[in-house]
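All chains are named by letter (A, B, ...) in the order of the sequence lines, taking the proteins before the strands, and each is independently numbered beginning at 1.
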Protein chains: 2
Amino acid sequence: MKIGELANATATNVETVRYYEKISLLAPPARSASNYRSYSNEHLARLSFIRRARDLGFALEAVRELLTLSDDTGQSCEAVDQIASAHLAEVERKIDDLSALRSELTRVIGSCRHGTIADCKIIESLAPTPQLKGAAQ
Amino acid sequence: MKIGELANATATNVETVRYYEKISLLAPPARSASNYRSYSNEHLARLSFIRRARDLGFALEAVRELLTLSDDTGQSCEAVDQIASAHLAEVERKIDDLSALRSELTRVIGSCRHGTIADCKIIESLAPTPQLKGAAQ
DNA sequence: CTTGACCCTGTAGTTGCTACAGGGTGTAGA
DNA sequence: TCTACACCCTGTAGCAACTACAGGGTCAAG
């Protein structure tokens, strides 16, 4: 199949497919007489795997490792579990960070009395020790 | 004060300070005889504002707008409120996305029976229609 | 007078794409 | 047959927000 069909089948951008080939995440396919890329079902399966992993938020380097591991069917899946767990931990860390951010933003926005900038509690909470402004250097 | 002192006072990287100057977020300071940057307290206040806004997750372009607005003390703070609220909405969207991701990852990892890759539920949940593998192209 | 900490400019790297520019190919309709 | 159009090719530059050099200069202490 041609690159456009593959891209379509996996909801991927054509440029992204070529990018994956460039960084050796996807093997270079055969070429037609007119130099068009010609993909096999193996390529389709591989790209689908990549897409699914990306949808789960895995970094490209993690996807690369997962792909390698998935080929080594006899090995224990400990390494896979480890990559996924590390990723989950990272996701949880981000959620915690963003939740703290949300609280703070909600608080700051909630204090806004919708007056002028001079009285704006949002600006105030950003401006540190405003009395310094214009002071000697 | 010199760039190192300013950086220290605001928990910022020296390179980041120069970067902010380059993108015109921070005004170019005076220079010493030996061409060292020499910052005023105004610069300190400005950079502290930037840092605080960045800590709250505002994009640099949003910070730029907030800085401009903060100088216009007579104006209504509606625009400020709007920027902050839009940012909060974005943060909430990200939290939702990550929460969904967490659920899915937890489910996938939880199904792992710690056997071989061939039986690995994590790999399986990434691999789409695995029976296609190696099929004709 | 040398060592070390600091400062300077400018450029390239990071992640994961996306968007051209400037070409070639293939097919369907007038 | 011509031509329009959708698709394909390579290569490079751009995005956010820094970070990390390379290859220099400055300054104070010992």
Side-chain angles (χ1 to χ4, degrees), chain A residues 1-26 28-39 43 46-47 49-67 83 86-87 90-91 93-94 97-98 101, chain B residues 1-26 28-39 43 46-47 49-67 83 86-87 90-91 93-94 97-98 101:
Chain A
M1 90 196 71
K2 285 193 280 184
I3 196 167
E5 300 169 70
L6 178 70
N8 231 314
T10 55
T12 307
N13 216 313
V14 165
E15 276 107 331
T16 303
V17 177
R18 284 197 281 251
Y19 171 70
Y20 286 164
E21 181 182 328
K22 191 159 145 193
I23 63 168
S24 305
L25 201 62
L26 197 61
R31 296 288 185 134
S32 76
S34 51
N35 202 32
Y36 285 13
R37 287 172 180 82
S38 177
Y39 292 96
H43 283 106
R46 204 91 174 167
L47 181 53
F49 184 106
I50 294 169
R51 291 297 308 182
R52 174 91 178 110
R54 291 290 298 134
D55 283 349
L56 285 173
F58 286 97
L60 286 182
E61 282 318 298
V63 176
R64 198 188 293 277
E65 288 179 60
L66 289 172
L67 277 170
I83 290 170
H87 178 46
E90 181 66 11
V91 168
R93 203 188 53 70
K94 278 185 188 157
D97 285 359
L98 287 173
L101 212 55
Chain B
M1 91 196 70
K2 285 193 281 185
I3 196 169
E5 299 169 71
L6 178 71
N8 231 312
T10 54
T12 308
N13 216 313
V14 165
E15 275 107 331
T16 304
V17 177
R18 284 195 282 250
Y19 171 69
Y20 286 164
E21 180 182 330
K22 191 160 147 193
I23 63 169
S24 307
L25 200 61
L26 195 61
R31 294 290 185 133
S32 76
S34 51
N35 201 31
Y36 286 13
R37 286 171 179 83
S38 178
Y39 292 96
H43 283 105
R46 205 90 174 168
L47 181 53
F49 185 106
I50 295 169
R51 290 298 307 183
R52 174 90 179 112
R54 291 289 299 132
D55 283 350
L56 286 173
F58 286 98
L60 286 182
E61 282 318 298
V63 175
R64 200 188 293 276
E65 287 178 61
L66 289 172
L67 277 170
I83 291 170
H87 178 47
E90 181 66 13
V91 167
R93 205 189 50 71
K94 278 186 190 159
D97 285 359
L98 286 173
L101 211 55

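- The side chain of A:Arg31 contributes an N or O atom lying less than 4.0 Å from OP1 or OP2 of D:dT10.
- With hydrogens and angles disregarded, a donor-acceptor distance shorter than 3.5 Å links the side chain of B:His87 to the backbone of B:Leu56.
- The side-chain heavy atoms of A:Lys94 and A:Glu90, taken from C-beta on, include a pair separated by under 4.5 Å.
- Atom NZ of A:Lys22 is separated from atom P of D:dG11 by 8 Å (rounded to the nearest Å).
- Phosphate proximity of D:dT10 to A:Arg37: present, with a side-chain N or O under 4.0 Å from OP1 or OP2.
- With the nearest nucleotide of DNA chain C identified for both A:Ser32 and A:Phe58, A:Phe58 has the one nearer the 5' end.
- A straight line from CD of B:Glu5 to P of C:dC6 spans 10 Å, rounded to a whole angstrom.
- One atom, CG of B:Asp55, and another, P of D:dC18, lie 10 Å apart when rounded to the nearest Å.
- In this entry the distance linking OH of A:Tyr19 with P of C:dA19 reads 15 Å, nearest Å.
- Heavy atoms of A:Tyr20 sit under 4.0 angstrom from primed sugar atoms or phosphate atoms, though from no base atom.
- Distance, B:Ile23 CD1 to D:dT19 P: 12 Å, rounded to whole Å.
- Looking at the side chain of B:Leu60, the nearest of the listed nucleotides C:dC7, C:dC17, D:dA17 is D:dA17.
- Between the A:Thr16 side chain and the A:Thr12 main chain, no donor and acceptor come within less than 3.5 Å of each other.
- The side chain of B:Asn13 contributes an N or O atom lying less than 4.0 Å from OP1 or OP2 of D:dT19.
- Contact between the side-chain N/O atoms of A:Thr16 and the OP1/OP2 oxygens of C:dT18 is found at a separation under 4.0 Å.
- Considering all non-hydrogen atoms of both residues, B:His43 and B:Leu26 come closest at O-CD1, 4.1 Å.
- Rounding to whole angstrom units, CD of residue A:Glu21 and P of D:dC8 are separated by 14 Å.
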>> Determine whether B:Val17 and B:Tyr39 satisfy the following criterion, side chain to side chain contact (heavy atoms under 4.5 Å, CB included), listing intermediate values before the conclusion.
In response: CA-CA 11 Å; B:Val17 177; B:Tyr39 292 96; 3.5 Å; yes

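- Regarding contacts with the backbone of C:dC8, every side-chain N or O of B:Ser34 stays at 4.0 angstrom or more from both OP1 and OP2.
- Residues B:Tyr19 and B:Asn13 are not in side-chain contact: their nearest non-hydrogen atoms beyond the backbone lie 4.5 Å or more apart.
- Between B:Arg54 and D:dC18, a side-chain N or O to OP1/OP2 separation shorter than 4.0 Å is present.
- Residue A:Leu26 contributes atom CG, which lies 16 Å from atom P of C:dG16 at whole-angstrom precision.
- Closest approach of A:Arg54 and A:Val63 over heavy atoms only: CD-CG2, 4.1 Å.
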Would you tabulate the pairs of protein nitrogen or oxygen atoms and nucleotide nitrogen or oxygen atoms of nucleotides 21-25 of chain D closer than 3.5 angstrom?
{"residue": "D:dG25", "atom": "N2", "partner": "B:Tyr36", "partner atom": "OH", "Å": "2.9"}

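- Under the 3.5 Å distance criterion, the side-chain polar atoms of A:Glu5 are matched with a main-chain donor or acceptor of A:Lys2.
- Summarising the geometry, the separation between NZ on B:Lys2 and P on C:dC7 is reported as 6 Å, rounded to the nearest angstrom.
- Candidate nucleotides C:dC7, C:dT9, C:dT18 were compared by shortest atom distance to the side chain of B:Ile3, and C:dC7 ranks first.
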